[in-house]
Protein chains: 2
Amino acid sequence: MNDLKHYLREVEDIFANEQFIAEPHELYEPIDYTLRLGGKRIRPTLLLAANALFGGTPSLVRGAALGIETFHNFTLLHDDLMDRSPLRRGQPTVYTKWGDNAAILSGDTMFALAWRYFLRQPTPRLQEILQCFNETAIEVCEGQQKDMNFETMALESVSITEYMEMIRQKTAVLLAGALKIGALYAGAPEKEVEKLYAFGIHLGLAFQLQDDLLDGYGDSAVFGKKTGQDIRDNKKSYLPLLALTVSSQGQQKELSQLFSSKDNMDEEEKVCRVMEIYNTIGLREKVERSIADEFALAKKSLDDIHADETLKTPFRELMDTLNGRKK
Amino acid sequence: MNDLKHYLREVEDIFANEQFIAEPHELYEPIDYTLRLGGKRIRPTLLLAANALFGGTPSLVRGAALGIETFHNFTLLHDDLMDRSPLRRGQPTVYTKWGDNAAILSGDTMFALAWRYFLRQPTPRLQEILQCFNETAIEVCEGQQKDMNFETMALESVSITEYMEMIRQKTAVLLAGALKIGALYAGAPEKEVEKLYAFGIHLGLAFQLQDDLLDGYGDSAVFGKKTGQDIRDNKKSYLPLLALTVSSQGQQKELSQLFSSKDNMDEEEKVCRVMEIYNTIGLREKVERSIADEFALAKKSLDDIHADETLKTPFRELMDTLNGRKK
């Protein structure tokens, strides 16, 4: 029986056997650096497991697995530049190491490389698979734009619905797309592909809501980041947006003010005050309920798929791992 | 008989019938702006003419024509940001109008939109066509990187061979790729496709060498730009690189110094001195010879193609137009 680790090892093998350095080296060094930095490799792992779920041939989806991870890393590279994030996976980001122009052009090239990997192996459903990949890519860009739009908006003008749609596009569709592509390569029936896609969407939403929760309630030693950073950054995450819908008029007004404060306020005092409101209204439990709801929907979609139960094991493992994650 | 104008009108019709505005509008407004700015539309026009040359169906390559021009405009958008060019076609560039992040993300989205247009219409040779498009895209990125590398290199350390390879990748392959894609859609035989590709490469090289020549010897009133800008920018264009290979040791030394000068020299004095050396060694005629050589090679490739001579008319028209161009 193949567990999650089996597919992860296969992904590592695919990357170990690929050469990313080429000429001009100023272009390919940042690409090699980015793709060798590691990360959870969750998208290609899901793609391989989805392919196996419907009886696909592992050797025929190695290019697609490489392509989906290369695309994901391209989006991180450009996002880090746009967000001016100095670190990624504990290492300096490309724009800090090589400059803005290298980050732009090496990123563009990574997007093209993702296509090269996808186009490497023929498949009877090429057009459908590439359309799935590309429409996913466009949604990821749209999600990133919405996320940037929220930065300059007032807390009370972002709705929960808009926020959920943003994280669906920015995070969930690529997980779901990876699963769908793996299933399409295996020739899975449309109905089963849809259920697997829905599983990916709910898993992605649960994952992002957890991320938002951990920022407020994580153990910073385990989480690896200082908690409360979203509050310091006035980030319109799920926490303040949900808080607005369940708090008193006075609390709503105070939250709106706190999330529009500039440098004129003591940061730690601000974090404390926001957390006080969160605790008063029992926000943690409410967010945990939302996360549990998404996990339940993911589980339901997975249960409904007509496939060999033992081949669903890696997906159940992943859900269990994510469900208990502290970082 | 269909002339060049006929295909250009078809391209304009394709763009007029396409909707580029979508949500979020912060993402799609810069895209619509860029794609509506116009330009010569030479690549999609060539794609349509190449398709007709081998008896293709015009309605089946509308997506590809849109895709190749969208990709071209994506590269211009990101190049303008990297080069910090304030104007494009006489209008403010995207990064000056909407900021760096909009330029990055709208550009990324345009690359994905190019794929959407290519994937819109099925074709039996999909994998081959998309590989041609994608390998072309990668070469364009590599050419842009080499161009950026030359900026920080000394004049004497860039060879003519390296320069020709850079402009081949940055400019010529996309013209040649557009022709090849048009021919592939029509099911043209491999040998004929190769000849048409070679035609495109030589045409692209001739075009770029002309651009370099016009910077030194164009009529600024007709050219639309102040002449000598490449000299002011220490740009390692074909002119100084060729000059180095045909001048005396003393002139070589002076040229190297002039092309590494910073702000410590009067700009117009510098332009005058460089032009004096160019004139002394008869550089203009030598560059005109190189351009004529490329046009001759292009013409030879076109002549050799086995196809209806009347269908070659638009390509001959284009050569004649470019050959006599003053801007």
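Below, chain A is the first sequence line, B the second, and so on; all start at residue 1. Atoms considered below: every heavy atom in the structure, side chains included; atoms not considered: hydrogens, waters and symmetry mates.
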CG on B:D100 to CZ on A:R84, rounded to 0.5 Å: 7.5 Å
Contact between B:N101 and A:M148 at the side-chain level, heavy atoms closer than 4.5 Å - yes or no? yes
Look up atom CD in B:Q121 and atom CD in A:Q127, then write down how far apart they are to the nearest 0.5 Å. 9.5 Å
Can you tell me how far OG1 of B:T109 sits from CD1 of A:I138, rounded to the nearest 0.5 angstrom? 7.5 Å
Can you tell which part of B:F133 gets under 4.5 Å to a heavy atom of chain A, answering side chain, backbone, both or neither? neither
Is A:E23 in contact with chain B via its backbone, its side chain, both, or neither, using a 4.5 Å heavy-atom distance? backbone
Which answer fits B:Q169, side chain, backbone, both or neither, if we ask what part of it has an atom under 4.5 Å from a heavy atom of chain A? neither
From the list A:Q145, A:Q144, A:M166, side-chain contact (heavy atoms from CB on, under 4.5 Å) with B:P24 holds only for A:Q145
Rounded to the nearest 0.5 Å, the CD1 atom of A:I31 sits from the SG atom of B:C141 at a distance of 8.5 Å
Point-to-point distance, once rounded to the nearest 0.5 Å, from CG of B:N134 to CZ of A:R116: 7.0 Å
Side chain to side chain contact (heavy atoms under 4.5 Å, CB included) for B:F74 and A:D108? Distances and angles first, verdict last. CA-CA 10 Å; B:F74 145 66; A:D108 293 347; 3.6 Å; yes
Quick one: CG on A:L130 to CG on B:L130, what's the gap to the nearest 0.5 Å? 6.5 Å
Establish, from distance only, whether the side-chain atoms of A:Y28 and B:E142 form a donor-acceptor pair under 3.5 Å. yes
Aromatic ring pairing B:F111/A:F111, orientation class (parallel under 30°, perpendicular over 60°, tilted between): perpendicular
Would you say B:Q131's side chain and A:L119's backbone share a donor-acceptor pair under 3.5 angstrom? yes
